[in-house]
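So the structure is just underneath, and the comments pick up after that.
In what follows, chains carry the letters A, B, and so on, assigned in the order in which the sequence lines appear, proteins first and then strands, with residues in each chain numbered from 1.
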Number of protein chains: 2
Amino acid sequence: MNEQIQTLCKEHNIKLTTARSLILEVLKRASHPLSYEQIKDKMNASMDKATFYRNIALFEEAGIVHKFESDDRKWYFELSGTTHAHFICEHCHQITCMEVDLGKVEGEVKSIVLKGLCKECHQ
Amino acid sequence: MNEQIQTLCKEHNIKLTTARSLILEVLKRASHPLSYEQIKDKMNASMDKATFYRNIALFEEAGIVHKFESDDRKWYFELSGTTHAHFICEHCHQITCMEVDLGKVEGEVKSIVLKGLCKECHQ
DNA sequence: AAATTTATGCAACTTAGTCGCAAAGGATCT
DNA sequence: AGATCCTTTGCGACTAAGTTGCATAAATTT
Ligand SMILES: [Zn+2]
Ligand SMILES: [Zn+2]
Ligand SMILES: [Zn+2]
Ligand SMILES: [Zn+2]
């Protein structure tokens, strides 16, 4: 049981159950956003998708987790941090986290998704 | 039958059928991206969704039409033009076209989607 | 006109995510 | 400990956007 995860949940008034711990452990180890399937495969225990999505919704409301849709009609999840952009390559389907300067935009930007060809695929 | 649409298809080696014309007419009149349902509702004739999606796929390959996913798990379509960004409001679900300066990004960016709260909803 | 190719419509299918409900797990009180 | 209450979990049924197979219709070629 991870110390940081315990305090993260405590800070947001979320009771830390086994399922929640499993999800957060995987997200914490990840270096880029993951889908439900990918997260499930990285868990040591099994978990029903209903449980997964309900807890993810809870994390989202609390602002702990951030999600966005890729071009494969799946949601990808990561722990919230600095607001950064995601580049999704249409060719190799790799998702890359990146910093982007938007200049000034009216309203509040919470998520930035760029799609196209990554530098490897763009020849 | 619209003159511009005829030349658009001719330029891309696409045979202009009734279904294709109906789709392109709606997209041409639109001031912002539309979903399948919205496009269907703006047509004068009925069209099967299989026909719609097959032709949209054709337009996409030809580079005539651009699509992206919103936060309602639907695709939104518009005629390709300058590469501009779309702002999707999480609160009022309005989709706004906007110009954005990304600075320099490696690879080729084909689509930019921002999500958050639009200026009206961000109080 | 016949043969071949292409486009359309219908129905069945796929699949990520949702929902209702009953059982399991935890906390609280007596 | 046992009874009661609330929350969480898992199962199965469901939803809905988009896809696919196939038969018919329309256009094109021979
Ligand atoms: Zn790539
Ligand atoms: Zn990221
Ligand atoms: Zn708004
Ligand atoms: Zn636009």
Side-chain angles (χ1 to χ4, degrees), chain A residues 1 5-6 9-10 12-26 33-41 43-62 64-78 88 90 93 95 113 115, chain B residues 1 5-6 9-10 12-26 33-41 43-62 64-78 88 90 93 95 113 115:
Chain A
M1 187 76 77
I5 287 174
Q6 273 184 46
C9 282
K10 199 162 281 179
H12 291 85
N13 276 330
I14 288 176
K15 196 163 60 174
L16 188 53
T17 65
T18 316
R20 289 170 194 168
S21 184
L22 282 166
I23 297 171
L24 292 175
E25 296 272 8
V26 173
L34 299 171
S35 67
Y36 159 63
E37 280 276 312
Q38 292 174 322
I39 294 171
K40 199 184 71 172
D41 291 349
M43 282 178 187
N44 300 323
S46 67
M47 182 182 306
D48 188 71
K49 60 181 174 171
T51 304
F52 174 85
Y53 284 113
R54 279 190 283 236
N55 282 317
I56 280 283
L58 194 76
F59 295 149
E60 269 196 275
E61 277 169 58
I64 293 178
V65 162
H66 168 77
K67 80 158 187 247
F68 63 90
E69 287 147 75
S70 182
D71 56 349
D72 54 3
R73 297 189 61 69
K74 290 180 190 166
W75 289 349
Y76 284 76
F77 308 95
E78 71 179 351
I88 300 169
E90 290 172 355
H93 304 287
I95 299 178
V113 176
K115 288 179 190 167
Chain B
M1 186 76 78
I5 287 174
Q6 273 183 46
C9 282
K10 198 162 282 178
H12 291 84
N13 277 330
I14 288 175
K15 196 163 61 173
L16 189 52
T17 65
T18 316
R20 289 172 195 168
S21 184
L22 282 166
I23 297 172
L24 292 175
E25 298 272 8
V26 173
L34 300 172
S35 67
Y36 158 64
E37 279 278 312
Q38 292 173 322
I39 294 171
K40 199 184 71 174
D41 290 348
M43 283 179 187
N44 300 322
S46 68
M47 181 182 308
D48 188 71
K49 62 181 174 171
T51 304
F52 174 85
Y53 285 113
R54 279 190 281 237
N55 282 317
I56 280 281
L58 194 75
F59 295 149
E60 269 195 276
E61 276 170 58
I64 293 177
V65 163
H66 168 78
K67 80 159 186 245
F68 63 91
E69 287 146 76
S70 183
D71 56 349
D72 55 3
R73 297 189 61 68
K74 291 179 191 167
W75 288 349
Y76 284 76
F77 308 96
E78 72 180 349
I88 300 169
E90 288 172 356
H93 303 288
I95 299 177
V113 176
K115 288 179 189 166

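- A heavy atom lying under 4.0 Å from DNA chain C marks the following residues of residues 49-61 of chain A, by number: A/Lys49, A/Ala50, A/Tyr53, A/Arg54.
- If you measure from atom CD of A/Glu69 to atom P of D/dA16, you get 17 Å, rounded to the nearest angstrom.
- To the nearest 0.5 angstrom, A/Ser70 atom OG is 7.0 Å from B/Glu69 atom CD.
- For the atom pair CD1 (B/Ile39) and CD (B/Glu25), the distance works out to 13.0 Å, reported to the nearest 0.5 Å.
- For the pair B/Ile56/B/Lys67, no side-chain contact is recorded, criterion being any heavy-atom separation below 4.5 Å from C-beta on.
- Atom CE of A/Met47 is separated from atom C1' of C/dG25 by 15 Å (rounded to the nearest Å).
- Classified by interplanar angle (parallel below 30°, tilted 30° to 60°, perpendicular above 60°), the ring pair B/Phe68/B/Tyr76 is parallel.
- Regarding contacts with the backbone of D/dA26, every side-chain N or O of B/Thr17 stays at 4.0 angstrom or more from both OP1 and OP2.
- The side chain of B/Lys15 lies closest to C/dA7 when the candidates are D/dT9, C/dA7, C/dT18.
- The side chain of B/Asp48 approaches C/dC10 more closely than any other nucleotide in the set C/dC10, D/dG18, D/dA27.
- The separation between A/Leu22 atom CG and D/dT8 atom P is 16 Å, rounded to whole Å.
- Here C/dA16 is the nucleotide among C/dT8, C/dA16, C/dG9 with the atom lying nearest to any side-chain atom of B/Arg73.
- Protein atom NZ of A/Lys67 is 15 Å distant from nucleotide atom P of C/dA16, rounded to whole Å.
- When the P atom of C/dG17 is taken as reference, atom CD of A/Gln38 falls 11 Å away, rounded to whole Å.
- Separating the CG atom of B/Asp71 from the P atom of C/dT18 is a distance of 12 Å, rounded to the nearest angstrom.
- In this structure, CZ of B/Arg20 is placed 12 Å from P of C/dG9, rounded to the nearest angstrom.
- For the pair A/Leu16 CG and D/dT9 C1', the computed distance is 15 Å after rounding to whole Å.
- Relative orientation of the B/Trp75 and B/Tyr53 rings is perpendicular, given thresholds of 30° and 60° on the angle between their planes.
- No side-chain heavy atom of B/Ser35 sits under 4.5 Å from any side-chain heavy atom of B/Asp72.
- Rounded to the nearest 0.5 Å, atoms CZ (B/Arg20) and CG (B/Asn55) are 4.5 Å apart.
- Mapping B/Thr18 and B/Lys74 onto DNA chain D by nearest heavy atom places B/Lys74 closer to the 5' end of the strand.
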